[in-house]
Amino acid sequence: MFVRDNVIVQQEYGFEPRTTNNRMELRAMMAGLSMLGPGDAVDVYSDSQLVVKTLTEWARSWEGRGWKRKTGAVENLDLVQAAWAVAKERPLARIQWIRAHDGSRWNEYADALSTAHVRETL
């Protein structure tokens with residue numbers, strides 16, 4: 001979801017059977033970053049510390065080590081590499097962590113979007 005001046009500019013949601021929360025969080029970050037242009041200097045929020053740390057702390061060193069962690073393989077490597085590529089194309093986007101279910105209007109809205117596919121199929 002892309003919000004400017006408290007107005008939703010663009011939003012997406014999706015569904016993938018037999019997946020994990022971590023994979024969907026990475027996909028959501030890629031979708032959000034893809035809504036931005038390379039020169040957009042904006043704050044991008046996620047309530048997933050794993051996603052934020054992956055893209056702000058870990059991915060650069062994993063890439064430098066041939067996509068290996070010091071302790072073994074990088075989990076969800078396909079999505080980590082794809083998300084890292086999208087993030088690198090938007091160097092001015094500031095990826096930040098936000099606490100989940102803490103009353104943030106847009107984080108709560110994004111959380112509701114995450115289950116929108118269920119409401120459509122009922």
Side-chain angles (χ1 to χ4, degrees):
M1 169 179 51
F2 180 36
V3 176
R4 180 179 290 141
D5 299 325
N6 265 339
V7 175
I8 298 170
V9 176
Q10 185 177 353
Q11 70 181 21
E12 295 179 16
Y13 60 90
F15 169 75
E16 187 175 307
R18 294 179 294 283
T19 191
T20 66
N21 185 58
N22 290 342
R23 289 185 66 82
M24 292 309 290
E25 293 278 2
L26 283 163
R27 285 192 184 281
M29 178 58 74
M30 284 190 296
L33 286 171
S34 294
M35 293 176 192
L36 306 174
D40 288 338
V42 298
D43 296 321
V44 180
Y45 296 99
S46 173
D47 61 16
S48 169
Q49 287 193 29
L50 177 74
V51 169
V52 172
K53 287 182 178 184
T54 292
L55 297 179
T56 63
E57 297 178 28
W58 304 328
R60 184 177 313 282
S61 61
W62 293 341
E63 182 180 43
R65 285 196 294 269
W67 292 104
K68 304 272 190 248
R69 292 175 37 213
K70 290 179 183 176
T71 59
V74 175
E75 292 185 33
N76 299 310
L77 180 59
D78 59 331
L79 291 179
V80 168
Q81 288 174 321
W84 178 235
V86 174
K88 287 193 311 185
E89 292 171 353
R90 290 145 181 89
L92 301 179
R94 296 171 299 275
I95 300 170
Q96 301 179 50
W97 179 74
I98 187 170
R99 184 175 305 280
H101 311 294
D102 202 27
S104 165
R105 175 184 181 187
W106 298 116
N107 186 258
E108 297 294 338
Y109 185 87
D111 193 52
L113 278 180
S114 73
T115 59
H117 74 279
V118 172
R119 289 186 300 278
E120 285 184 352
T121 59
L122 294 179

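All values below were derived from every heavy atom in this structure, side-chain atoms included, with hydrogens, water molecules and symmetry-related copies excluded.
- Follow the hydrophobic side-chain contacts under 4.5 Å out from Leu50 and you reach Trp67 in the same cluster.
- Here the CZ atom belonging to Arg69 is positioned 6.5 Å from the CD atom belonging to Glu75, to the nearest 0.5 angstrom.
- Minimum interatomic distance between Gly39 and Leu92 (heavy atoms only, all atoms of both residues): O-CD1, 3.4 Å.
- By the 4.5 Å heavy-atom criterion applied to side chains, Trp62 and Leu77 are not counted as neighbours.
- Looking at residues two or more places apart in sequence or on another chain, you find no salt bridge (charged side-chain N to carboxylate O under 4.0 Å, His left out) involving Glu108.
- Val44 and Ile8 are members of different hydrophobic clusters when ILVMFWY side chains are connected at heavy-atom separations under 4.5 Å.
- Under the 4.5 Å side-chain contact rule for hydrophobic residues, Val3 and Leu36 do not share a cluster.
- In this structure, the separation between CH2 on Trp58 and NZ on Lys53 is 5.5 Å, given to the nearest 0.5 Å.
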Would you check, one step at a time, whether the test side chain to side chain contact (heavy atoms under 4.5 Å, CB included) holds for Leu79 with Met24? CA-CA 9 Å; Leu79 291 179; Met24 292 309 290; over 6 Å; no

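- The salt bridge (charged side-chain N to carboxylate O under 4.0 Å, His left out) test applied to Asp102 returns no partner, not counting sequence neighbours.
- The two residues Pro91 and Pro38 make their nearest non-hydrogen contact at CD-O, 3.7 Å.
- Of the candidates Val52, Val51, Asn76, Glu25 forms a side-chain contact (heavy atoms from CB on, under 4.5 Å) with just one, namely Val51.
- Rounded to the nearest 0.5 Å, atoms CZ (Arg4) and CG (Asp40) are 6.5 Å apart.
- A continuous path of Ile, Leu, Val, Met, Phe, Trp and Tyr side chains, each step under 4.5 Å between heavy atoms, connects Val86 with Ile95, placing both in one hydrophobic cluster.
- Residues Met29 and Val9 share a hydrophobic cluster, clusters being chains of Ile/Leu/Val/Met/Phe/Trp/Tyr side chains in contact below 4.5 Å.
- To the nearest 0.5 angstrom, Arg60 atom CZ is 8.0 Å from Lys88 atom NZ.
- Within the model, atoms CD of Gln96 and CG of Asp43 stand 4.5 Å from one another, a figure rounded to the nearest 0.5 Å.
- Note that CZ of Arg90 is 12.0 Å distant from CG of Leu55, once rounded to the nearest 0.5 Å.
- When all heavy atoms of Leu33 and Ala93 are compared, the pair lying nearest together is CD2-CB, 4.1 Å.
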